[in-house]
Number of protein chains: 2
Amino acid sequence: MNTEIISEFPDKEKRQKDFNCSIGFAMTVIGSKWRAIILWHILKNSHIRYGELKKGIPNISHKVLAEELKKLEADSLITRKSYPEIPPKVEYNPTSRGQSLYKVLNELCIWGKEHMN
Amino acid sequence: MNTEIISEFPDKEKRQKDFNCSIGFAMTVIGSKWRAIILWHILKNSHIRYGELKKGIPNISHKVLAEELKKLEADSLITRKSYPEIPPKVEYNPTSRGQSLYKVLNELCIWGKEHMN
DNA sequence: CGGGATCCCCCATGATACTG
DNA sequence: CAGTATCATGGGGGATCCCG
């Protein structure tokens, strides 16, 4: 049973209207400096915690990571599960929509590996 | 015979260092608001002219299109061929490196189509 | 026709400090 | 541990005018 809630993309009409192009729309979803990397880490490591993400993504600032996680959640690409413990514990997981980006990010990853060296 | 010149990526070390991640590196190449769309048009339409690109990409400004074309050329993703005529004529074509991004952009396009509506 | 040159604005990114 | 709150800044992006 799948209980995850996949809402509409925020500003969906605006995103569509600005580009009238599916690549442009896709770039509004993953096309920031860090968003694709963050999502990739979460796709590769389910139940990953905030601190693990921070360690796994060198050079990202604390503020940007927190903001991007909220945006990814707003786009229903990931879910956030908070455990009421001391100290706090938070886990991030991909939604089915997030997982639907696996092929795209995987191609991006392959291309990058082949061309960055 | 292939005479195209594929140079190193400008700022290659910096791009590598900033991310230490192949997805991050790839995003420095296609991850701006318009670059992926422009490259996609050129991949789909060889010998495309500046004016055709401008018409084919709604809402892009003149300045940004000209700038991004120069960046794509600097990254050896496209070539620019200028014909010494009056009025001027300029054609853009993908390089083999540009064509190597076809799979990535195609996946991005497919994903966008499936999720933007 | 295919640009360059200027001016300007906003937002993504970043640094730092504070909190439950 | 996993966040908010604030402030500063650089450059991506846009509008407009000029040019061979």
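Values below: every heavy atom of this structure, side chains too, minus hydrogens, waters and symmetry copies.
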Quiz prompt | Spacing between B/E91 atom CD and C/dG3 atom C1', to the nearest angstrom | solution = 16 Å
Practice problem: May I ask you to say whether A/E91 pairs ionically with A/R49, meaning some side-chain N is under 4.0 Å from a carboxylate O? | Solution: no
Practice problem: May I ask you to decide whether B/K71 forms a salt bridge with B/D75, counting only side-chain N to carboxylate O separations under 4.0 Å? | Solution: no
Quiz prompt | Phosphate OP1/OP2 of C/dG3 contacted by B/Y92 side-chain N/O (<4.0 Å) | solution = yes
Quiz prompt | B/I37 CD1 - D/dG13 P separation (whole Å) | solution = 11 Å
Quiz item: Heavy atoms under 4.0 Å, any strand shown: does A/E68 hit a base, just sugar-phosphate, or nothing?
Solution: sugar-phosphate
Exercise. Provide, to the nearest angstrom, the distance between the NZ atom belonging to A/K55 and the C1' atom belonging to D/dC1.
Key: 11 Å
Practice problem: Validate the cation-pi geometry between B/R97 and B/F9: distance from NZ or CZ to the six-membered ring centre under 6.0 Å, angle to the ring axis within 45°. | Solution: yes
Just the atom pairs and distances: protein N or O near nucleotides 14-20 of chain C's N or O, under 3.5 Å.
unit_1	atom_1	unit_2	atom_2	d
C/dG14	OP1	A/K33	NZ	3.1
C/dG14	OP2	A/W34	NE1	3.1
C/dG14	N7	A/K63	NZ	3.3
C/dG14	O6	A/K63	NZ	2.2

Quiz item: Salt-bridged, B/K70 to B/E73, with N to O below 4.0 Å?
Solution: no
Quiz item: Could you walk me through whether B/I37 and A/F19 pass the side chain to side chain contact (heavy atoms under 4.5 Å, CB included) check?
Solution: CA-CA 9 Å; B/I37 300 177; A/F19 293 102; 3.4 Å; yes
Exercise. Round to a whole Å and report the spacing from CG of B/L65 to C1' of C/dA5.
Key: 17 Å
Practice problem: Grab the OH-P distance between A/Y50 and D/dC1 for me, whole Å please. | Solution: 12 Å
Exercise. Examine distances only and state if a side-chain atom of B/S76 and a backbone atom of B/S7 form a donor-acceptor pair shorter than 3.5 Å.
Key: yes
Quiz item: How long is the line joining CD of B/E52 and C1' of C/dC1, in whole Å?
Solution: 12 Å
Self-check item: Nearest-angstrom distance from the residue atom NE2 of B/H47 to C1' of C/dG2
Solution: 19 Å
Practice problem: Indicate yes or no: does A/E67 engage A/K63 in a salt bridge with an N to O separation below 4.0 Å. | Solution: yes
Exercise. With axes from five pairs an end, tell me the bend angle of the helix from C/dC1-D/dG20 to C/dG20-D/dC1, nearest 10°.
Key: 50°
Quiz item: Does B/R49 have a side-chain nitrogen or oxygen under 4.0 Å from the phosphate oxygens OP1 or OP2 of C/dC1?
Solution: no
Practice problem: Could you tell me whether A/E8 and A/K12 make a salt bridge, using a distance below 4.0 angstrom between a side-chain N and a carboxylate O? | Solution: yes
Quiz item: Quick one: is C/dG3 close enough that its OP1 or OP2 comes under 4.0 Å of any side-chain N or O from B/R80?
Solution: yes
Self-check item: Atom pair OG1 (B/T79) and CG (B/L72), whose distance is rounded to the nearest 0.5 Å
Solution: 11.5 Å
Quiz item: NZ of A/K70 versus P of D/dA2: gap in Å, rounded?
Solution: 16 Å
